[in-house]
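To keep things clear, I will list the structure first and then write my remarks on it.
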Amino acid sequence: MSVDTTAVGKSYPSTTYAVGREKVREYAFATGETDALHLDVGAARKAGYADVVAPPMFCVVYSAPAIAPAILDPEVGIDFALMVHGAQEFRWGPLVVAGDEVTTQVSVESIDERDGRGFYVFRSTTTNQRDETVCVGRWTNIVRAT
Amino acid sequence: MRRPVDQHRPRDLKGRQHTMKPGDELRTLRTTPDKYLTVRYAGASGDFNPIHIDEEFARQVGLPGKILHGLWTMAQVARAQTEAGGGPHALKRLEVQFRGMGLPEQEIAVRSTVREVREADGVAIVDTVAEQAGNQIIRNAVAELDVT
C-alpha cells in the first residue's frame, strides 16, 4: 500500500468540554474505579479538590469531540474497514475535576508506511480554564494492507 | 488528606523516601467485565461502535462476538497504577500497545513490575501488561508513577 502524507501537520478546530460531576461518576463506575475521589464530592473536597476528580483515562471522554473529526477526515484517508487502534499514549498534568472546562486541539503528527501497513498518528493537547496542560495524547491507528 | 497535584509542594530531594524500588511487583489487578459492561462503557465514553455492543454485528464482521473497548482495557491498566501509586495524581504517563481482542465475561489480569525509579525526580517507571485467557491484550505498556 502507499500512504498519502499530505495531511501531516494539519490541525483541527479546538473543542471545549465542560466536565460534569455525574459524567465523571458514570465513567468511574463503568471503569471499576472505587476511589472515593471519583465518586464522592465530600471525599474529594476533604482531600482538597473542588469537586469529584476525573480518573486520568477520562481524557478519552473530553478528547473525543476533537479527535473524532481528525480520524474521520477524508484528507487523512483512513480506510476504517482495515483500521485498528494500535497504540495509545497519554501524559497528564494537573488533575481534571468536575466544573473544569477543558479545550482540546488535535493535529496529524505523522503518517508512515511500515511493513505494508499505514501508521496514522494524531496528537491531542488539552488545557484547562487556567491554561494548564492537563493531558497530551498520542493516538496511533494502524491500517493494514488490503 | 491528599494534596491536589497542581498545588506546588517544596521537595527535599535528599530526604525523599521511595516507596517503590526496581523489581517490585505491584498488586495484580483482576477484573471480569460482565456481559453488559461494554454497553455501560459505550454510554460513559461515547464510543458506540457496534463491534462492542451488538453481538450479531460483531459476528457478521468476523469477530468471535462483542469485543471490549481497547480504551476500557487501558483504563484497567491505568487503575492498576493509580491504586498502587496511592491515587489518580500519581499517574503521569501511560503508553500501551493494543494486541488481540478482549472479550466480556473472562477475567483480565493486569500485572506490573517496577523497572526503575528515576534518580532525578523519583518517578517510578513501571512495565505492565493486561492478560486474558493467556493472551496479552495490552502489551509493552509503560507507566510513569510519581510516588514521591
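Naming: A, B, ... by sequence-line order, numbering from 1 per chain.
In this structure, B/Trp72 contributes its side chain and A/Ala30 its backbone to a donor-acceptor pair below 3.5 Å.
Contact of B/Thr82 with chain A is made through the side chain alone, with heavy-atom distances under 4.5 Å. For chain A, no part of B/Gln81 is nearby; none of its heavy atoms comes within less than 4.5 Å. Within the 4.5 angstrom heavy-atom criterion, atoms from both the backbone and the side chain of B/Gln97 approach chain A.
For the pair A/Thr31 and B/Ala75, the tightest heavy-atom approach, listed with the atom from each and the gap, is CG2-CB, 3.8 Å. In terms of heavy-atom proximity, B/Pro88 sits nearest to A/Val53 at CG-CG1, 4.0 Å. The heavy-atom pair separating A/Phe90 from B/Met74 by the smallest distance is CD1-CE, 3.6 Å.
Taking CG from A/Asp35 and CZ from B/Arg79, the interatomic distance works out to 11.0 Å, rounded to the nearest 0.5 Å. Taking CD from A/Glu89 and CZ from B/Arg93, the interatomic distance works out to 4.5 Å, rounded to the nearest 0.5 Å. Atom CZ of A/Arg91 and atom NZ of B/Lys92 lie 11.5 Å apart (nearest 0.5 Å).
Heavy-atom neighbours of B/Phe48 CZ from other residues, nucleotides or ligands within 6.0 Å: above the threshold of 12.
Looking at residues two or more places apart in sequence or on another chain, you find a ring pair (Phe, Tyr, Trp, His ring centres under 6.0 Å) between B/His69 and B/Tyr41, B/His52.
The hydrophobic cluster containing A/Ile142 does not contain A/Met83, counting ILVMFWY residues as joined when their side-chain heavy atoms lie under 4.5 angstrom apart, directly or transitively. A chain of hydrophobic side-chain contacts below 4.5 Å, direct or via other Ile, Leu, Val, Met, Phe, Trp or Tyr residues, connects B/Val126 to B/Val117. The cluster map of Ile, Leu, Val, Met, Phe, Trp and Tyr, joined by side-chain heavy atoms under 4.5 Å apart, puts B/Phe98 and B/Met101 in different clusters. Clustering ILVMFWY residues whenever any of their side-chain heavy atoms sit less than 4.5 angstrom apart, transitively, puts B/Leu103 in a cluster other than the one holding B/Val96. Linking Ile, Leu, Val, Met, Phe, Trp and Tyr residues whenever their side-chain heavy atoms come within less than 4.5 Å leaves B/Ile138 and B/Val129 in two separate clusters.
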For a quick test of your reading: what N or O donor-acceptor pairs under 3.5 Å do the side chains of residues 58-66 of chain B make, sequence neighbours left out?
residue : atom : partner : partner atom : Å
B/Arg59 : NH1  : B/Pro64 : O            : 2.8
B/Arg59 : NH2  : B/Glu55 : OE2          : 2.9
B/Lys66 : NZ   : B/Lys35 : O            : 3.0

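Chain A forms the most heavy-atom pairs under 4.5 Å with one residue out of B/Leu91, B/Leu71, B/Leu37, B/Leu94, and that residue is B/Leu94.
Within residues 56-75 of chain A, the residues having any heavy atom less than 4.5 Å from a heavy atom of chain B are, in residue-number order, A/Pro56, A/Met57, A/Val60, A/Val61. Of all residues in residues 11-29 of chain A, those placing a non-hydrogen atom less than 4.5 angstrom from a non-hydrogen atom of chain B are A/Lys23, A/Glu26, A/Tyr27.
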